[in-house]
Student: 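What follows is a single structure, and I will ask about it in a moment.
Residue numbering restarts at 1 for every chain, and letters A, B, ... go by the order of the sequence lines.
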Protein chains: 2
Amino acid sequence: MAKILRPPGRLEIILKESAALFRDKGYGATSMNDIAEAVGIRAASLYNHITSKQQLLSALLMPIAEKFTAGMAEICAADLSPISRIERLVALHVRLTVAHPGPIALITGDWVHLEEPDRSTFLGQRNTYEKHFLEIIEACIAGGAFSPIDSRVALFSMLSTLHALHSWWRKHPGDPAVLESQMVHCLVEGLRQK
Amino acid sequence: MAKILRPPGRLEIILKESAALFRDKGYGATSMNDIAEAVGIRAASLYNHITSKQQLLSALLMPIAEKFTAGMAEICAADLSPISRIERLVALHVRLTVAHPGPIALITGDWVHLEEPDRSTFLGQRNTYEKHFLEIIEACIAGGAFSPIDSRVALFSMLSTLHALHSWWRKHPGDPAVLESQMVHCLVEGLRQK
DNA sequence: CAAGCCGGCTAACGAACATTAGTTTAAAGA
DNA sequence: TCTTTAAACTAATGTTCGTTAGCCGGCTTG
């Protein structure tokens, strides 16, 4: 039984530092030297653990996309009211953001640097995710739970906030459950006092 | 009276193409060659119109920051109820986004590549802008117009949507007034049917 | 027609880039 | 103690980067 619990795992350090750098400076503006320096290593030594910068991005982005896809599938499969599905979706975003605040930041912009076939895979998952999200919103409107607003505008509004969650969490970490209820309040109930 | 209405103005073309490329690929991943190619010119020829890549970013970002600062000052100076100020702020974002959909995209992420002193100037303006925005939200809560939610969460939620507006506008251009009322509905009134 | 200049161009610079090859170090297993 | 092996290193590759220098064609203006 070779090695359980080896140090902290060099690869994971590299992934974590890469995510932070990609998030802060962007994939294109982050050099292998930057990453190596953050890890405390020479740039060439990184290649003992990874095969390319591109694969690094892929290793960060693809599992996250997968998690969102799986979460959406679970919510769609469950027997829930449309409004409950919305709440579950907010919870999904909060949970994944808290668990992976680094890689999740890349979903907004740095996916453009993915090469094929990862790029197409990622975009496909993203499209179906948003399609399902839209259908749930439309179900809320049809059922009278939501006002008869433009469903695509509502989707855009919710998603842009949920995608930016990581920046909020980094500055104000706290109880995920509290954050979740605050998000539901802002996004669904609205700010206006009733 | 030298030249009114000269062709389309080469510099403006360069600025517009740069904004689009910075927005799509990020400042660091956009090369002078990319910009030159988009303009239909060789990279070296760009320097007949600009002094550096850095100055290009600065020329795109700083005027936008200035416009937000000026807009906020105007709203603060006017004699308005807190809730009216919120509506005016949404209108300000919609108006600037529609007028400058390219450069406005850089406000979210690419400002990190600004060099001093522009970087500090930009951050200063951004901070005071958000401070004023927060005060207006708190006035809404204090006056009973808003629910007693965490004001910073409300600010984050509104700003993240307003900052992402450009991506929506690019895909679904239309009547700015309609967009504005939809935004007010999503951000203030909430999606939930009352 | 001549002068000037605006805005292209080619050529070249050093620096930084991602990546490869080959070597050394040091800890683990025999 | 000797062997193996993972993971660091140095050195070097060719490419691309932003930028400078200098040239040249073709308008505009006298």
Side-chain angles (χ1 to χ4, degrees), chain A residues 1-22 24-61 106 110 112-116 118-119, chain B residues 1-61 106 110-116 118-119:
Chain A
M1 52 181 66
K3 58 262 292 253
I4 39 174
L5 214 70
R6 45 174 166 177
R10 207 53 152 197
L11 215 186
E12 290 153 44
I13 296 181
I14 294 174
L15 286 170
K16 171 166 267 186
E17 297 295 340
S18 301
L21 285 164
F22 290 166
D24 293 341
K25 323 204 314 172
Y27 176 80
T30 301
S31 71
M32 297 304 277
N33 229 323
D34 293 334
I35 299 172
E37 209 164 280
V39 176
I41 234 179
R42 300 294 238 230
S45 306
L46 290 170
Y47 291 85
N48 286 321
H49 307 273
I50 63 167
T51 78
S52 72
K53 186 187 180 186
Q54 172 66 208
Q55 181 237 49
L56 210 39
L57 179 65
S58 188
L60 290 169
L61 268 174
L106 310 179
D110 268 336
V112 289
H113 298 109
L114 282 175
E115 288 171 3
E116 296 296 349
D118 282 334
R119 194 186 152 103
Chain B
M1 51 179 70
K3 60 269 291 266
I4 39 172
L5 215 68
R6 45 173 166 178
R10 209 54 152 190
L11 214 186
E12 290 153 42
I13 296 180
I14 294 175
L15 286 170
K16 172 166 266 184
E17 297 295 341
S18 301
L21 284 164
F22 290 165
R23 185 229 297 140
D24 293 341
K25 322 204 318 171
Y27 176 80
T30 301
S31 71
M32 297 304 279
N33 229 323
D34 294 334
I35 299 172
E37 209 164 281
V39 176
I41 236 179
R42 300 295 234 225
S45 305
L46 290 170
Y47 290 84
N48 286 324
H49 306 274
I50 62 168
T51 77
S52 72
K53 186 187 181 186
Q54 172 66 209
Q55 180 238 46
L56 209 40
L57 179 65
S58 189
L60 291 169
L61 267 174
L106 311 179
D110 268 336
W111 62 267
V112 289
H113 298 108
L114 282 175
E115 288 172 3
E116 297 296 349
D118 283 334
R119 193 186 153 102

Student: A:Tyr27: what forms a ring pair (Phe, Tyr, Trp, His ring centres under 6.0 Å) with it, not counting sequence neighbours?
Tutor: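 Ring pair (Phe, Tyr, Trp, His ring centres under 6.0 Å) check on A:Tyr27 returns A:Phe22, A:His113.
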Student: Tell me the interatomic distance from B:Ile35, atom CD1, to D:dT16, atom P, rounded to whole angstroms.
Tutor: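 In whole Å, D:dT16 P lies 18 Å from B:Ile35 CD1.
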Student: For A:Ala36, which residues count as a side-chain contact (heavy atoms from CB on, under 4.5 Å) partner, sequence neighbours excluded?
Tutor: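 side-chain contact (heavy atoms from CB on, under 4.5 Å) list for A:Ala36, sorted by chain: A:Ile41, A:Ala43, A:Leu46.
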Student: Verify the contact: side-chain N or O of A:His49 to OP1 or OP2 of D:dA8, cut-off strictly under 4.0 Å; return yes or no.
Tutor: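 The answer is yes; a side-chain N or O of A:His49 sits under 4.0 Å from OP1 or OP2.
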Student: Mind checking salt bridge (Lys or Arg N to Asp or Glu O under 4.0 Å) for A:Lys25 and listing every partner two or more places apart, or none if nothing turns up?
Tutor: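 Scan of A:Lys25 (salt bridge (Lys or Arg N to Asp or Glu O under 4.0 Å), adjacent residues dropped) gives A:Asp34.
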Student: Roughly how many Å is it from CD1 in A:Ile41 to C1' in C:dT25, rounded to a whole number?
Tutor: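 Taking atom C1' of C:dT25 as the reference, CD1 of A:Ile41 is at 14 Å.
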Student: C:dA11, OP1 or OP2 - any side-chain N/O from B:Arg42 closer than 4.0 Å?
Tutor: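 No, no such contact exists.
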Student: Check whether any side-chain nitrogen or oxygen of A:Ser45 sits under 4.0 Å from OP1 or OP2 of D:dA7, and answer yes or no.
Tutor: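 No, because none of the side-chain N or O atoms of A:Ser45 sits under 4.0 Å from OP1 or OP2 of D:dA7.
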Student: Which residue pairs pass the side chain to side chain donor-acceptor pair (under 3.5 Å) test when at least one of the two sits in residues 35-47 of chain A, sequence neighbours left out?
Tutor: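 Non-adjacent pairs meeting side chain to side chain donor-acceptor pair (under 3.5 Å): zero.
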Student: Give me the stems containing DNA chain D, sorted by first residue, counting only three or more consecutive Watson-Crick or G-U pairs with both distances under 3.5 Å; say none if there aren't any.
Tutor: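 As far as DNA chain D goes, consecutive pairing (with distances under 3.5 Å) yields the stems C:3-12 with D:19-28, C:14-28 with D:3-17.
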Student: Suppose we screen for ring pair (Phe, Tyr, Trp, His ring centres under 6.0 Å). Which residues come up paired with A:His49, at least two apart in sequence or across chains?
Tutor: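 Checked A:His49 against ring pair (Phe, Tyr, Trp, His ring centres under 6.0 Å); zero matches.
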Student: On a plain distance test, is the side chain of A:Asn48 in donor-acceptor contact with the base of D:dA6 below 3.5 Å?
Tutor: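 A donor-acceptor contact between them is absent.
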Student: Strictly under 3.5 Å: I want the nitrogen or oxygen pairs between protein and nucleotides 16-21 of chain C, one per line.
Tutor:
unit_1	atom_1	unit_2	atom_2	d
C:dA18	OP1	A:Thr30	O	3.4
C:dA18	OP1	A:Met32	N	3.2
C:dA18	OP1	A:Lys53	NZ	3.2
C:dA18	OP2	A:Met32	N	2.8
C:dT19	OP2	A:Tyr47	OH	2.5
C:dT19	OP2	A:Lys53	N	2.9
C:dT19	O5'	A:Tyr47	OH	3.2

Student: Of all residues at least two apart in sequence or in a different chain, which pass the salt bridge (Lys or Arg N to Asp or Glu O under 4.0 Å) check with B:Lys16?
Tutor: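 For B:Lys16 there are no salt bridge (Lys or Arg N to Asp or Glu O under 4.0 Å) partners, ignoring immediate neighbours.
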Student: Measure the shortest side-chain to side-chain distance between A:Asp24 and B:Val112 over non-hydrogen atoms and say whether it is less than 4.5 angstrom.
Tutor: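 A side-chain contact under 4.5 Å is absent here.
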Student: What integer distance in Å separates A:Ile14:CD1 from D:dA8:C1'?
Tutor: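 About 11 Å, once rounded to whole Å.
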Student: Does A:Asp118 have any salt bridge (Lys or Arg N to Asp or Glu O under 4.0 Å) partners at least two apart in sequence or in another chain, and if so, which?
Tutor: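 Salt bridge (Lys or Arg N to Asp or Glu O under 4.0 Å) check on A:Asp118 returns nothing, list empty.
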